[in-house]
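As structure tokens, the structure follows; a few thoughts come after it.
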2 protein chains.
Amino acid sequence: MKGIEPELIELLKQGWCTPQIARIAKSTHEPSTTIHYNIKRMETEKKIKAYKAVFDYQKIGQGFCTFVLINLSPGEYGNPEKIAKILAKHEQIESIDIITGDWEIIAKIRTKDQNEYYEFVKKALSMPGIAKTTSLVSFRQIKTEFVS
Amino acid sequence: MKGIEPELIELLKQGWCTPQIARIAKSTHEPSTTIHYNIKRMETEKKIKAYKAVFDYQKIGQGFCTFVLINLSPGEYGNPEKIAKILAKHEQIESIDIITGDWEIIAKIRTKDQNEYYEFVKKALSMPGIAKTTSLVSFRQIKTEFVS
DNA sequence: CATATTATTGAATATTATTCAATTATTTAT
DNA sequence: ATAAATAATTGAATAATATTCAATAATATG
């Protein structure tokens, strides 16, 4: 046993997958070369960014999910993207968006547990420019990434 | 031309992909049979739920992204999951969570544009049990689903 | 309407996943 | 501690799949 699983999870989260052309061809009753051609075109056009695995986050020790609503300090209203891009570098952040309304940024965060989340908040969200954060902790994830 | 692309996008959003075992084997310097064995085990254990494509949503006409914060009417506090599961059936909903704090549910929604979003809100969010909704429209998606 | 470009497709080939059997490592029970 | 049982690793063989290629058809362009 080499404990290869964490490495595999990390790879499969980022990509390292590929479409099942033959299976899609059978399902759609199209020749596999037609499916191949169309998918490769979408890849070239950058419509498809990657192929990746979707995990049961409970089962891989990433079960704690929160949404953070962020208010920037007035001096940073001009470039919320700068702060969002810095935050995006953290692997715990699954998605981050610049938004309208009472907050400037919303981030979706995955950690092992409340403890790891607390450490993340201390480390990542204490940066200058962030005035206030509101955490919405997920009790139950009913649907994730289009996969029920 | 058969206009097969929308069908392919729908399939690849749900799954119909597979890990690249040989490529992962080369990258990790492990035998491909070891990679195969480990990944199949994770599938059996249901740690891996699916393999799917990640799209550039702007380019496939799903560029409008919003987060909806939902307040339930007092009578529904007991079972937010019931409402969340009904909403989860809509293909426009990428994710939906039961949360703590000032709202009971948060949903992430993808539509073509504001117009389609408005139609979705009228259709989906007018159901009994939902008392109030707050929409946070995404101006810019800095990071999505772990893919930058 | 003619020409250029893009899309479709079957046949051949290259690559890859999968199966299998043998070996090694790890866990469990006594 | 040791034996037995279970789980994990691996190379070789096979089955399945992706990819390339060349020919044809459809569509777009001027």
Side-chain angles (χ1 to χ4, degrees), chain A residues 1-63 112-113 144-148, chain B residues 1-63 112-113 144-148:
Chain A
M1 281 211 302
K2 290 170 188 166
I4 199 183
E5 197 175 296
E7 193 180 353
L8 287 177
I9 290 173
E10 201 45 46
L11 286 174
L12 295 174
K13 211 185 256 180
Q14 306 289 340
W16 300 80
C17 298
T18 194
Q20 295 180 294
I21 292 173
R23 240 188 98 207
I24 293 169
K26 272 168 205 155
S27 160
T28 57
H29 303 289
E30 299 284 344
S32 69
T33 44
T34 301
I35 303 299
H36 182 267
Y37 176 85
N38 277 274
I39 289 180
K40 292 300 152 189
R41 182 170 39 68
M42 283 193 271
E43 290 175 11
T44 305
E45 294 168 350
K46 304 268 175 66
K47 285 180 180 173
I48 294 172
K49 293 164 78 177
Y51 305 95
K52 53 158 246 178
V54 180
F55 293 93
D56 184 321
Y57 292 102
Q58 303 288 343
K59 291 187 177 153
I60 63 167
Q62 306 263 108
K112 182 163 169 264
D113 51 30
T144 59
E145 302 167 17
F146 297 110
V147 179
S148 294
Chain B
M1 283 212 299
K2 290 170 187 166
I4 200 183
E5 196 175 296
E7 193 180 355
L8 287 178
I9 289 172
E10 201 46 45
L11 287 175
L12 295 175
K13 211 184 258 180
Q14 305 291 339
W16 299 81
C17 298
T18 194
Q20 295 180 293
I21 292 173
R23 240 188 99 208
I24 293 169
K26 273 168 205 155
S27 159
T28 57
H29 303 288
E30 299 284 345
S32 70
T33 44
T34 301
I35 303 299
H36 182 268
Y37 176 85
N38 276 274
I39 289 179
K40 291 303 152 187
R41 183 170 39 70
M42 283 193 272
E43 290 176 10
T44 305
E45 294 167 351
K46 303 270 175 65
K47 286 180 179 173
I48 294 172
K49 292 164 79 177
Y51 305 95
K52 53 157 246 179
V54 180
F55 293 93
D56 184 321
Y57 292 102
Q58 303 288 343
K59 290 187 177 155
I60 62 167
Q62 305 263 109
K112 182 166 171 259
D113 51 30
T144 59
E145 302 168 19
F146 296 109
V147 179
S148 294

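Residue numbers begin at 1 in each chain, while the letters A, B, ... track the order of the sequences.
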> Which one of B/Lys40, B/Lys46, B/Lys47 satisfies the salt bridge (Lys or Arg N to Asp or Glu O under 4.0 Å) criterion with B/Glu43?
Replying inline: B/Lys40
> Could you state the CD1-P distance from A/Ile24 to D/dT19, rounded to the nearest angstrom?
Replying inline: 12 Å
> Nearest heavy-atom pair of A/Leu12 and A/Phe55: which atoms, and what distance?
Replying inline: CB-CZ, 3.9 Å
Distances under 3.5 Å between protein N/O atoms and the N/O atoms of nucleotides 10-15 of chain C, please, pair by pair.
from, atom 1, to, atom 2, distance (Å)
C/dG10, N7, A/Thr33, OG1, 3.4

>> Let me confirm one number: the CD1-NZ distance from A/Ile48 to B/Lys52, rounded to the nearest 0.5 Å.
In response: 11.5 Å
> Taking CD1 from A/Ile21 and C1' from C/dT16, how many angstroms apart are they, rounded to a whole number?
Replying inline: 12 Å
>> Reading DNA chain C from 5' onward, which residue's closest nucleotide shows up sooner: A/Glu45 or B/Ala22?
In response: A/Glu45
> Looking only at heavy atoms, what is the nearest atom pair of A/Glu145 and A/Tyr57, with distance?
Replying inline: OE2-OH, 3.2 Å
> Between atom CD1 of B/Ile9 and atom CD1 of B/Ile4, what is the distance when rounded to the nearest 0.5 Å?
Replying inline: 11.0 Å
>> Looking at every non-hydrogen atom in both residues, tell me the closest pair between B/Ile21 and B/Ser32 and how far apart they are.
In response: CG2-O, 3.4 Å
> Do the side chain of A/Thr28 and the main chain of A/Ile24 share a donor and acceptor less than 3.5 angstrom apart?
Replying inline: yes
> How long is the gap from CE on A/Met42 to CD on A/Glu45, to the nearest 0.5 Å?
Replying inline: 8.0 Å
> Taking DNA chain C as the partner, which of residues 35-43 of chain A come within under 4.0 angstrom of it by heavy atom?
Replying inline: A/Tyr37, A/Asn38, A/Arg41
